[in-house]
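Worksheet: the structure to be examined is printed underneath.
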Amino acid sequence: MNPTKPTLLVARAMFPDALARLNDYFELELNQEDRIFSPDELTERLQGKFGMICTSSAKINQDLLAKLPELKIISTIAVGYDNFDLQACTQHQVMATNAPDVLNETTADFAWALMMATARRVTEAEHFLRNGEWQKWGVDFFVGADIHGSRLGILGMGRIGQAIARRAAGFGMDVIYHNRSRLSAEQETVAHHARYVDKESLLRESDHLILALPYSPESHHSIAAAELAQMKPSATLINIARGGIVDDVALIAALRNRQIAGAGLDVFENEPRFHPDFLDLKNVVLTPHIASASERTRRAMVNRAITNVIAAVRGEVPPDLLNRDVLEM
Ligand code: DGY
């Protein structure tokens, strides 16, 4: 190993050609077999490292950081960083970065894919066909809900929420949203044709409700039994944000009792495990956290994480630094 270069752990398998850019700056420790490290193994592998490129599977907390005095940067390829304790990072003088923006459009596409599949019962119908159950066509055969001309609700109007809203114009949808802060009047009317409403109105009035807010202790179980009870019985709920924003047990009950018509879920509490009762329900479309998974976008996410660690090793401020207060330490 060249002792003049700092070492970097790339904690998950990533496109090998994309990683080549790192060789000018770092000795690399790779994990191309893509094992998920236990907290102990992660601590061991990070000993003496300058930094790490990781995904949401790496939990970065006080315990871990206290054992890693040489660590300077943790760089996730994800936009979501609920796996990072930012306060602890700052306290241990570790820069934390994420990969915003590059996945907005791809994730918005997927929110639409899930919404359409859920409303029009695409996976349920496909299972029916694959199971050899198709005997005849019928007038009420797999009838679902329209997307065009309906009302789209968006909870969380950040960059991904806005990208979801922009797509609604082509379908003649009425868009309402709720967010911690309201968009400017120009963004609302010119760019997104979206109307700000309080959360209760959003729940009551949406035909299709898409969740696009970040996970935090404040957003934990933002959609639970009380919220589901306010939704229309004909409504669909789509979660492309994070597990934990929805109370999955409450959602299963609401789907089972037809309190809402259906759900499209890309994220789950405790994923990659998920509540097994989802599998018994026909009115739910289930995907394994793939909303940002187009090859172009996943490469862009990896590249963004690489740019952040390279900036750090060059003594520059990483463009996506999350804990700016670390610079004052
Ligand atoms: C993100 O970028 O946060 C996606 O959910 C992938 O983890």
Side-chain angles (χ1 to χ4, degrees), residues 9-15 18 31 34-37 42 52-61 73-86 89 95-115 154-164 179-180 210-220 222-223 237-246 248 263-274 285-309 318-323:
L9 175 66
V10 182
R12 297 292 305 274
M14 299 197 185
F15 309 103
N31 174 23
D34 205 31
R35 287 194 312 101
I36 303 290
F37 300 139
L42 188 61
M52 166 170 72
I53 293 180
C54 63
T55 67
S56 303
S57 63
K59 306 282 171 243
I60 307 300
N61 54 29
I73 180 164
I74 47 165
S75 171
T76 176
I77 70 148
V79 64
Y81 52 88
D82 44 289
N83 53 317
F84 291 175
D85 178 340
L86 287 187
C89 289
M95 290 181 274
T97 63
N98 70 338
D101 294 327
V102 288
L103 76 177
N104 297 346
E105 301 299 329
T106 299
T107 303
D109 284 352
F110 195 78
W112 270 75
L114 265 188
M115 174 171 66
I154 302 175
L155 183 59
M157 199 58 147
R159 288 164 289 206
I160 294 173
Q162 291 174 42
I164 292 167
N179 194 47
R180 272 177 309 187
I210 300 185
L211 308 179
L213 66 167
Y215 180 76
S216 67
E218 294 73 48
S219 65
H220 181 74
S222 290
I223 302 292
L237 176 72
I238 310 301
N239 190 3
I240 45 92
R242 271 289 180 277
I245 291 174
V246 176
D248 284 353
L265 307 174
D266 187 47
V267 287
F268 303 86
E269 291 190 293
N270 309 315
E271 63 181 61
R273 280 165 295 154
F274 57 89
V285 177
L286 306 167
T287 54
H289 201 148
I290 56 168
S292 61
S294 75
E295 180 165 350
R296 187 169 56 174
T297 290
R298 283 287 164 84
R299 282 181 176 276
M301 291 160 75
V302 169
N303 266 317
R304 192 99 180 199
I306 291 174
T307 298
N308 282 311
V309 291
D320 303 311
L321 184 61
L322 294 164
N323 54 338

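Throughout, residue positions are numbered sequentially from 1 according to the sequence presented. Atoms within a ligand are numbered from 1 in the order they appear, just like the ligands themselves.
- Set against the non-hydrogen atoms of Gly80, the atoms of ligand 1 under 4.0 Å away are 1 (C), 2 (O), 3 (O).
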Could you go through the side-chain contact (heavy atoms from CB on, under 4.5 Å) check for Met52 and Leu42 one step at a time? CA-CA 10 Å; Met52 166 170 72; Leu42 188 61; 3.9 Å; yes
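- Less than 4.0 angstrom separates some heavy atom of Ser56 from each of these atoms of ligand 1: 7 (O).
- Listed by number with element, the atoms of ligand 1 under 4.0 angstrom from any heavy atom of Met301 are 2 (O).
- Atoms CG and CG, on Leu155 and Asn239 in that order, are 9.5 Å from each other to the nearest 0.5 Å.
- Ser219 and Ser222 are not linked by any side-chain donor-acceptor pair at a separation below 3.5 angstrom, with hydrogens and angles left out of the test.
- The CD1 atom of Ile73 sits 7.5 Å away from atom CG of Leu321, with the distance rounded to the nearest 0.5 Å.
- Interface of Arg242 with ligand 1, defined as ligand atoms under 4.0 Å from a residue heavy atom, comprises 1 (C), 3 (O), 4 (C), 5 (O), 7 (O).
- For atom 6 (C) of ligand 1, the nearest non-hydrogen atom of the protein is His289 NE2, 3.6 Å.
- At a heavy-atom distance under 4.0 Å, no atom of Val267 approaches ligand 1.
- Nearest-residue assignment for atom 2 (O) of ligand 1 (options Ile77, Val79, Ile290, Thr107; heavy-atom criterion): Val79.
- Exactly one of Asp320, Thr76, Asn98, Thr97 qualifies for a side chain to side chain contact (heavy atoms under 4.5 Å, CB included) with Arg304. That residue is Asp320.
- The backbone and the side chain of Ala78 each have at least one atom closer than 4.0 Å to an atom of ligand 1 (non-hydrogen atoms only).
- Ring geometry, Phe274 versus Phe268: the interplanar angle falls from 30° to 60°, so the pair is classed tilted.
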